[in-house]
Amino acid sequence: AQEYTIRATANSNEQDEDYDGLIVFKNFVEQASNGAIEVELFIGTQLCSNGAECLQGVADGSIDVFVTTSGGAAGIFPYVQVFDLPYLMRSDRVAEAVLTDTDFTRTLRDLALESSGDAIRIMTIGNTGGWRNFANTQKTVATPADLEGMKMRTVVADLPQELVKVLGASPTPIPWPELFTSLQTGVVDGTKNGITDIMNMKFPDAGLQYLTLDGHAYMAAIWVMNNEKFMSMPEDMRRVVVNGFAELQQATFASPKRKSISAYEEFAAAGGEVYVPTPEEKQAFQDAVQPVYQWFSENVDQGDEVLQALRDAVAQVEEEIDADIAADLE
Amino acid sequence: MLVWFLPVFLVLLIVGLPVFFALLFAPGALLWLNGQERDLALLYRNLYNGMDSFPLMALPFFLLAGEIMNRGGITERLVSFAQAFMGHLRGGLAQVNILSSILFAGLSGSAVADTSALGSTLIPAMEKQGYTRRFAAAITAASSVIGPIIPPSGIMIIYAYVMGQSVAALFLAGIVPGLLVGVGLMLTVRALADRYDLPKAERIVERDATIAPVEYWVSFALLRLNVAGVLYMLSWLLPAGWGEGGLAVYLGLLVPAHFALVWYRGRVSRDFRIVCKKAVAPLQTPIIILGGILIGVFTPTEAAAIAVAYALIVSFGVLRVMRVADLADVLRRSAIASATVLLLVGAAVSFKTVVSLSHAPEIMADFILSLSENPLILLFLINVLLFIVGMFLDAGPAIIILGPILGPVFTGLGVDPVHFAIIMSVNLTVGLATPPMGLVLFVASSVSGERVETISKAILPFLAVEVLVIFLITYFPAISMTIPRLAGFAN
Amino acid sequence: MGLVRGLLVPLELWNRWALALGRGLALVALAIMVIVILAQVFFRYVLNNALPWPDEAARFLMLWMTGLAAPTAFRRGGFVAIDTVQRLMPRRVADVLVLVLLALSLCVLAVGIQLGWNHVNSGWLFNSSSLRVPLDLVGGETVRVKLAWMYMSVWIGMVLLTVVAVELILRQIVRIGGEADTLSPLAPGDLPEAE
Ligand code: NA
Ligand code: NA
């Protein structure tokens with residue numbers, strides 16, 4: 001019989017990776033608990049409409065499960081912006097290993113419980129939309145010098161603005177629904193988003209044409225749950241929930257990869273140009289962004305600690321992956 | 001259990017609980033009775049979250065800009081301008097009333113502001129010329145709904161906010177429908193002129209009008225800059241190479257613009273010319289707002305702040321009617337008015353949250369689709385539904401509650417989101433002038449001293465025309481979609 | 001009735017002064033909102049250097065404007081309501097109905113104060129994304145503004161609205177007691193113009 005109801009929400013739509021994850025979670029948890037847990041989904045902005053609002057809901061228990069981007073959680077967990085730091089993880093394989101095989105997520109969970117007064121628990125971290133790339137309406141961007149003077153749209157958060165600034169462009173905060181118009185009329189020259197977001201919003205119709213695959217940030221999806229709700233369940237039910245989040249995580253890793261293929265095709269069909277930087281050019285980007293790491297360590301509470309934890313985790317998995325690859329090549 | 005909050009809400013509304021409290025009490029009481037105390041917190045949080053929005057800020061700004069212009073003597077100038085053009089027709093002042101509303105609509109986003117600003121000038125003037133008071137009040141109320149259809153528009157700001165649409169696209173889409181309502185009303189007045197024996201007036205051009213030197217030179221410059229702007233845009237149509245030259249070409253075009261104006265000036269009387277000149281600075285406002293948004297100089301919220309700045313410059317620097325003491329009063333009135341609107345928006349957002357918790361949207365969507373799969377039939381039913389809702393509920397709350405339920409159903413059926421936004425906005429805007437809860441009727445009543453019931457009867461022929469226009473807009477998407485498409489703001 | 005009138009005096013005094021102060025602050029907030037947004041445009045287009053804080057600062061001001069100005073609107077009868085049914089009723093029945101509706105409003109506000117207090121307190125956990133107090137200018141460290149300072153606006157608004165509701169209830173009791181002519185007028189009858 002049904003004993004628990006988990007109320008989950010995501011501020012996206014049914015085409016989004018978040019929804020894929022939630023469907024998998026709902027299906028797994030309801031089956032594995034033999035109907036004891038019911039998962040109620042609210043997709044969109046019906047219950048709350050941005051990161052801060054929804055996290056409040058999780059904190060006070062009116063929402064049980066929510067998925068946020070690193071930017072959306074910056075107000076309460078500033079250190080999760082570590083995912084917005086450019087070029088720390090070289091590939092999906094590395095990022096996924098960091099998020100599944102190391103203690104990095106647990107480190108963040110402890111910090112989050114501490115800064116939310118034991119209210120908000122990070123359950124797992126997946127992906128939403130692949131990687132962020134620079135895209136613009138003006139010209140091919142091959143090196144940081146090409147970004148010089150461009151008005152680049154960012155969210156209202158320090159770190160992305162700092163990043164755009166050190167690359168020589170001018171950060172311009174624009175609300176998401178106004179971005180299409182702003183690109184079209186030249187309020188901004190470019191934006192940094194994943195390809196699926198670019199195509200869902202039809203930005204090529206607004207003149208967004210030049211995409212540079214620099215992959216400067218992993219679009220982490222941070223799944224949180226009301227801690228009291230989780231802890232109030234008996235251990236066997238908690239186990240089901242934890243396993244459900246593991247299934248969800250795998251689904252959100254896979255989904256953007258599949259979805260981005262058609263998105264890139266549509267982008268090219270709409271006249272878009274995809275530029276893949278050479279290793280030297282990529283190095284130029286990496287050199288240019290060095291001041292951002294410094295800025296993060298100095299300006300973000302516990303930033304130093306979290307950045308170090310991520311670097312350690314990356315080093316650990318890179319070593320393992322490189323060894324695996326070497327073995328597989330033989 | 002939870003679904004009972006809708007009838008409870010309606011009953012509370014009808015017995016006279018303020019909309020703000022009704023929006024919170026009905027869902028709150030049922031959540032509490034249902035033992036869902038934790039969701040009461042959600043209700044409160046979304047009251048706050050509903051107001052905490054940057055795009056929504058355009059609302060107080062446009063309200064403030066409208067108040068400043070009204071206080072600064074801009075309304076009278078628009079009315080004299082309209083009189084100079086249409087005062088001589090049969091039913092002249094009624095036509096002037098409508099034309100004034102069209103012009104006023106370009107400066108203000110609110111039907112209530114239109115009714116109170118134009119009504120206080122035009123209703124007494126119409127009575128003096130032999131119109132019945134109820135007719136004067138009715139045409140004032142009926143034409144005031146043009147205000148939020150032609151941009152700027154408070155209702156469209158709210159719609160865009162709730163539905164994640166571009167304000168700019170909705171603004172552009174409202175232009176033709178707003179003009180259509182105006183033309184429809186004008187034709188109705190013409191048709192009714194014989195039956196009601198409406199007075200015929202002389203062409204009323206204010207005699208021996210004078211104009212201050214500042215105002216003269218400002219209009220002189222603005223006229224030339226605008227005409228040159230039009231010529232400049234036309235030059236883009238020329239073969240490649242001609243229209244490219246930017247500022248130099250534009251400055252060069254000032255010369256032909258000047259001579260065109262001099263040529264026109266020789267063909268009209270001096271009085272007419274001065275009345276027109278005095279309207280130039282106020283009528284620059286919509287050009288700044290729309291031009292700025294279109295060229296991409298600012299977002300709608302910023303455009304609204306610019307409109308405030310421009311209104312201040314015109315009122316203090318050019319027209320010089322307003323004093324600094326008036327400014328504090330205008331700010332205070334705008335703050336109070338904005339606060340009530342924002343609270344309503346917040347309360348409606350939290351009401352909507354409970355609508356979602358009760359899974360009413362899914363039930364409604366399934367129900368709508370079970371009626372018919374034909375979008376044309378469904379659109380007709382929606383027109384009827386919105387018309388009825390508009391009779392009871394203010395346009396803002398109605399959009400916040402119904403938009404998220406109805407919007408996805410229709411865009412799913414292939415209706416363009418911008419087109420649907422216009423259908424919904426115009427429908428609910430006309431609801432502002434329908435009894436029993438037509439806000440504009442109450443304002444028209446307090447401005448004219450005529451009873452709401454009497455105005456409600458006199459307004460019926462005009463409402464019929466407005467309903468007709470709603471159907472035209474619904475079934476001919478091109479009416480709303482052409483301008484945003486040409487400007488590249490819609491697909 | 002003497003007791004009711006006695007309670008009414010301090011409430012009237014409070015509402016007259018507190019709401020006047022609220023209106024004054026609200027009008028200043030609105031003026032600064034305009035200036036802040038104009039500064040945003042100026043910095044972006046003229047100096048080509050977008051500022052990070054105007055968006056949030058202007059919202060902060062808008063919320064405080066709302067919390068401080070709305071009670072005045074309520075006191076002056078500026079909250080939209082349908083009064084057709086009331087006008088069709090006999091006077092005395094309508095008077096009692098108004099009293100009941102005011103009591104319902106008071107319920108909403110009382111619950112609102114309680115929930116709002118939790119909301120404000122939860123705001124101490126959250127930092128604003130762009131606002132900080134530049135204490136470094138006086139030798140200290142910059143301090144991030146907590147969202148609680150924004151949340152407080154609506155809560156204060158709820159408190160002020162509650163006091164107004166109590167005053168209106170007492171006035172309605174006096175009116176039902178047949179002493180309506182002894183009540184002082186509430187305010188100049190300027191209806192707010194919205195939508
Ligand atoms: Na308008
Ligand atoms: Na009118």
Side-chain angles (χ1 to χ4, degrees), chain B residues 12-21 24-25 28 40-41 43-45 47-48 51-54 57 60-61 63-64 67 110-113 116 148 154-155 297-298 301-302 305-306 308-309 328 331-344 394-396 432 436-437 439 443 446, chain C residues 23-24 26-31 33-38 40-41 44-45 55-56 58-59 62-63 65-74 76 78-86 97-98 100-101 104-105 107-109 111-112 115-116 118-119 150-151 153-154 157 190-195:
Chain B
L12 289 174
L13 208 58
I14 288 169
V15 298
L17 188 64
V19 183
F20 171 72
F21 292 114
L24 295 172
F25 184 88
L40 285 175
L43 204 61
Y44 181 91
R45 258 204 337 272
L47 167 68
Y48 174 91
M51 294 187 270
D52 181 16
S53 146
F54 184 73
M57 203 178 299
F61 286 173
L63 215 72
L64 175 60
E67 283 264 350
S110 141
V112 170
S116 63
I155 284 166
V297 192
F298 19 80
T301 302
E302 291 164 356
I306 301 274
V308 172
L331 279 167
R332 192 180 300 117
R333 286 168 58 92
S334 304
I336 295 172
S338 308
T340 55
V341 180
L342 289 168
L343 273 188
L344 270 185
D394 214 3
L432 291 175
M437 183 49 189
L439 204 50
V443 180
S446 81
Chain C
R23 287 193 295 275
L27 86 86
V28 173
L30 179 55
M33 271 158 73
V34 176
I35 294 168
V36 163
I37 298 301
L38 290 175
Q40 183 180 36
V41 176
R44 184 154 79 226
Y45 288 99
D55 175 314
E56 216 178 2
R59 280 189 285 124
M62 178 166 78
L63 288 160
M65 176 196 79
T66 304
L68 293 171
T72 295
F74 183 39
R76 294 181 183 178
F79 274 25
V80 192
I82 308 183
D83 60 354
T84 320
V85 173
Q86 284 165 23
L97 176 62
V98 169
V100 172
L101 295 177
L104 291 186
S105 308
C107 283
V108 171
L109 292 167
V111 175
L115 295 168
N118 297 338
H119 183 240
M150 283 174 93
Y151 295 170
S153 57
V154 174
D190 54 347
L191 270 175
E193 287 161 13
E195 277 191 295

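Every value quoted in this text rests on a predicted model; they were computed, and no experiment measured them. Order of the sequence lines sets the chain letters (A, B, ...), proteins ahead of strands, with each chain counted from 1.
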Problem set entry | Between B:Phe21 and C:Phe74, ring centroids under 6.0 Å | yes
For this session: Take B:Met57 and C:Arg59, measure what side chain to side chain contact (heavy atoms under 4.5 Å, CB included) needs, and give me the verdict at the end.
Result: CA-CA 8 Å; B:Met57 203 178 299; C:Arg59 280 189 285 124; 3.8 Å; yes
Using heavy-atom distances under 4.5 Å, tell me whether [X] contacts chain B through its side chain, its backbone, both, or neither.
{"X": "C:Leu109", "answer": "side chain"}
{"X": "C:Leu63", "answer": "side chain"}
{"X": "C:Asn118", "answer": "neither"}

Kindly give the heavy-atom pair with the smallest separation between [X] and [Y], and that separation in Å.
{"X": "C:Ser153", "Y": "B:Tyr48", "answer": "OG-CE1, 4.2 Å"}
{"X": "B:Ala309", "Y": "C:Leu38", "answer": "CB-CD1, 3.9 Å"}
{"X": "B:Ala335", "Y": "C:Leu30", "answer": "N-CD2, 3.8 Å"}
{"X": "B:Gly16", "Y": "C:Leu101", "answer": "C-CD1, 3.5 Å"}
{"X": "C:Ser105", "Y": "B:Leu17", "answer": "OG-CD1, 3.6 Å"}
{"X": "C:Phe79", "Y": "B:Pro18", "answer": "CB-CB, 3.9 Å"}

Problem set entry | Partners passing side-chain contact (heavy atoms from CB on, under 4.5 Å) against C:Val111 (at least two apart in sequence or in another chain) | C:Leu115
Exercise. Quick one: side-chain contact (heavy atoms from CB on, under 4.5 Å) partners of B:Ala339, sequence neighbours excluded?
Worked result: C:Thr66, C:Ala69, C:Ala70
Contact origin within [X] toward chain C - heavy atom pairs under 4.5 Å:
{"X": "B:Phe25", "result": "both"}
{"X": "B:Ser53", "result": "backbone"}
{"X": "B:Val19", "result": "both"}
{"X": "B:Leu43", "result": "neither"}

Exercise. Sub-3.5 Å donor-acceptor pair from the side chain of C:Gln86 to the main-chain atoms of B:Val15, do we have one?
Worked result: yes
Exercise. Side chains of B:Met51 and C:Met62: does their closest heavy-atom pair fall under 4.5 Å?
Worked result: no
Exercise. Heavy atoms, side chains only, cut-off 4.5 Å: are B:Arg332 and C:Thr72 in contact?
Worked result: no
For this session: Would you please test B:Asp52 and C:Tyr151 for side chain to side chain contact (heavy atoms under 4.5 Å, CB included) and show each step?
Result: CA-CA 10 Å; B:Asp52 181 16; C:Tyr151 295 170; 5.8 Å; no
